[in-house]
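As structure tokens, the structure follows; a few thoughts come after it.
Counting starts at 1 for both ligands and their atoms, in listed order. None of these values were measured; they are calculated from a predicted model.
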Amino acid sequence: ELKSIKLLAGNGGHAVTRARIEEMFDTVISSPEDVAKMQADERAQIRAIASLFIPVDAALIDLLPNLEIISSFGVGYDHIDAQHAAKKNVVVTHTPSVLDDEVADTTVGLLLNTVRELYHAEQYLRENRWESEGNYPLSSLSMRNRTIGIFGLGRIGRTIAKRLSGFDVAIHYHSRNPVDGVDFTYYSSLEEMAEAVDTLISVVPGTAATHHAINANILKLLGSRGVLVNVGRGPVVDEEALIAALKDGTIAAAGLDVFEEEPKVPQALREMKNVSLLPHVASASQDTRNAMGALVIDNLEAWFKTGQAKTPTPETAHIKSSKA
Ligand code: NDP
């Protein structure tokens, strides 16, 4: 029965998941731009989108009158207009929880790499400079006596905090609502937290409310020992202000897995020594990506078999089909 359902998928994305989807559904491969050029009756047959990173805006949703579900790969869904989908009674699903451990591991690695310059130390050895020039210079920063502020103590933020609890560092957090059952110090304002900490880990979603939340003022409050780690979304940080703050010593260093205009990373950042840069790989192990892909497929299957998705986004969690 699933094989008779027309599903739209973009080019690229996680190969294992794509292959499985193509096997299970009557898959139409198209870019969002090409969908606009399709005949209206062809568009009307499409009931699902598998978004393995293809953006789904309001215009694309409006082109598909019988769309029921957008199953997205990844927990962050800033590339999908979920509010518009909700208005059109289209459920949007994502892949929460299955990637928490991987992203938290990567975050801790990125933090240590940034603070202790491990990447540069390894480069030094690989260039054989240890033998020819002697010991690598002492790192000016250390994890000792750091106060960590986690911006977004959600599923991933809590998993990061659990790991950092073993590091003997103070842990504070900011989100709009305090979290029950944790004894980390809560701040209702990001400014107040930035003033109290020297190490800021950002793991909030990319939304209108978080856009450029980390600006010149927040960076200044972190102080000259300040370290910023961003694993949430690029646009949460004002990249231009960050570059200026890193250049003039307003903060000491930054570790970044996400950027404002991926995959473009400003040359100024790529040339700086006091940064550690990763190409958006926080969840990118084969095991974790397979688990995310399995959840993309489970959501599609559950929707068409039971009328209820497994992990809908909060905006569309109320939507069920007549089958439910
Ligand atoms: P959750 O929804 O579980 O947590 C989000 C947290 O952010 C909550 O604590 C929420 O608390 C807080 N938050 C949201 N909006 C605001 C705001 N305007 N001001 C202050 N706090 C806010 O999400 P996850 O932990 O599962 O994922 C978080 C994000 O991490 C994803 O949306 C994604 O963008 C990013 N991510 C990046 C990856 C990578 O590869 N680099 C991999 C996976 C995720 P409250 O609602 O109380 O404010």
Lys/Arg N to Asp/Glu carboxylate O, [X] vs [Y], below 4.0 Å:
X: Glu102; Y: Arg163; answer: no
X: Asp168; Y: Arg144; answer: no
X: Lys3; Y: Asp26; answer: no

Residues Thr250, Asp248; criterion side-chain hydrogen bond (donor to acceptor under 3.5 Å, both in side chains); working and verdict: CA-CA 6 Å; Thr250 300; Asp248 68 13; 2.5 Å; yes

For [X], take its heavy atoms, then give the atoms of ligand 1 lying under 4.0 Å from any of them.
X: Leu153; value: 9 (O)
X: His174; value: 20 (C)
X: Val258; value: 41 (N)
X: His280; value: 39 (C), 40 (O), 41 (N)
X: Phe151; value: 20 (C)
X: Ala209; value: 18 (N)
X: Thr210; value: 16 (C), 17 (C), 18 (N)

So how far is it from His14 NE2 to Leu52 CG, rounded to the nearest 0.5 Å? 9.0 Å

Got a second to check how far Leu246's CG is from Ile251's CD1, nearest 0.5 Å? 4.5 Å

For [atom], grab the closest protein heavy atom and report residue, atom and distance to one decimal in Å.
atom: atom 47 (O) of ligand 1; value: Asn177 ND2, 2.8 Å
atom: atom 42 (C) of ligand 1; value: Val103 CG2, 3.5 Å
atom: atom 44 (C) of ligand 1; value: Val75 CG1, 3.2 Å
atom: atom 4 (O) of ligand 1; value: Gly154 CA, 3.2 Å
atom: atom 35 (C) of ligand 1; value: Gly232 O, 3.5 Å
atom: atom 37 (C) of ligand 1; value: Val231 O, 3.0 Å
atom: atom 29 (C) of ligand 1; value: Val203 O, 3.8 Å
atom: atom 14 (C) of ligand 1; value: Arg176 NH2, 3.4 Å

Return the orientation label for the His174 and Tyr186 ring planes: parallel under 30°, perpendicular over 60°, tilted otherwise. parallel

Is the ring pair His172/Tyr187 parallel, tilted or perpendicular, if the boundaries are 30 and 60 degrees? parallel

Relative to ligand 1, is Asp257 under 4.0 angstrom through side chain, backbone, both or neither, heavy atoms considered? side chain

Counting only heavy atoms closer than 4.0 Å, does ligand 1 sit against the backbone of Ile156, its side chain, both, or neither? both

Could you go through the salt bridge (Lys or Arg N to Asp or Glu O under 4.0 Å) check for Glu240 and Lys247 one step at a time? CA-CA 11 Å; Glu240 217 174 293; Lys247 268 192 184 151; over 6 Å; no

Side chains of Ser71 and His94 only: does a donor on one sit below 3.5 Å from an acceptor on the other? no

Distance only, no hydrogens: is a donor on one side chain within 3.5 Å (strictly under) of an acceptor on the other, for Gln308 and Trp303? no

Would you tell me which option among [options] has the nearest heavy-atom contact to [atom]?
atom: atom 5 (C) of ligand 1; options: Ala208, Pro279, Pro205; answer: Pro205
atom: atom 33 (C) of ligand 1; options: Arg233, His211, Arg158, Arg155; answer: Arg233
atom: atom 10 (C) of ligand 1; options: Ser175, Gly74, Gly76; answer: Ser175

Are Arg158 and Asp100 close enough, and set up right, to give a salt bridge (Lys or Arg N to Asp or Glu O under 4.0 Å), and what steps lead you there? CA-CA 9 Å; Arg158 286 195 295 276; Asp100 295 351; over 6 Å; no

Strictly under 4.0 Å, does any heavy atom of Val204 approach an atom of ligand 1? yes

Qualifying residue for side chain to side chain donor-acceptor pair (under 3.5 Å) with Ser139, from Arg116, Glu117, His120: Arg116

For Gly152, is at least one N or O under 3.5 Å away from an N or O on ligand 1? no

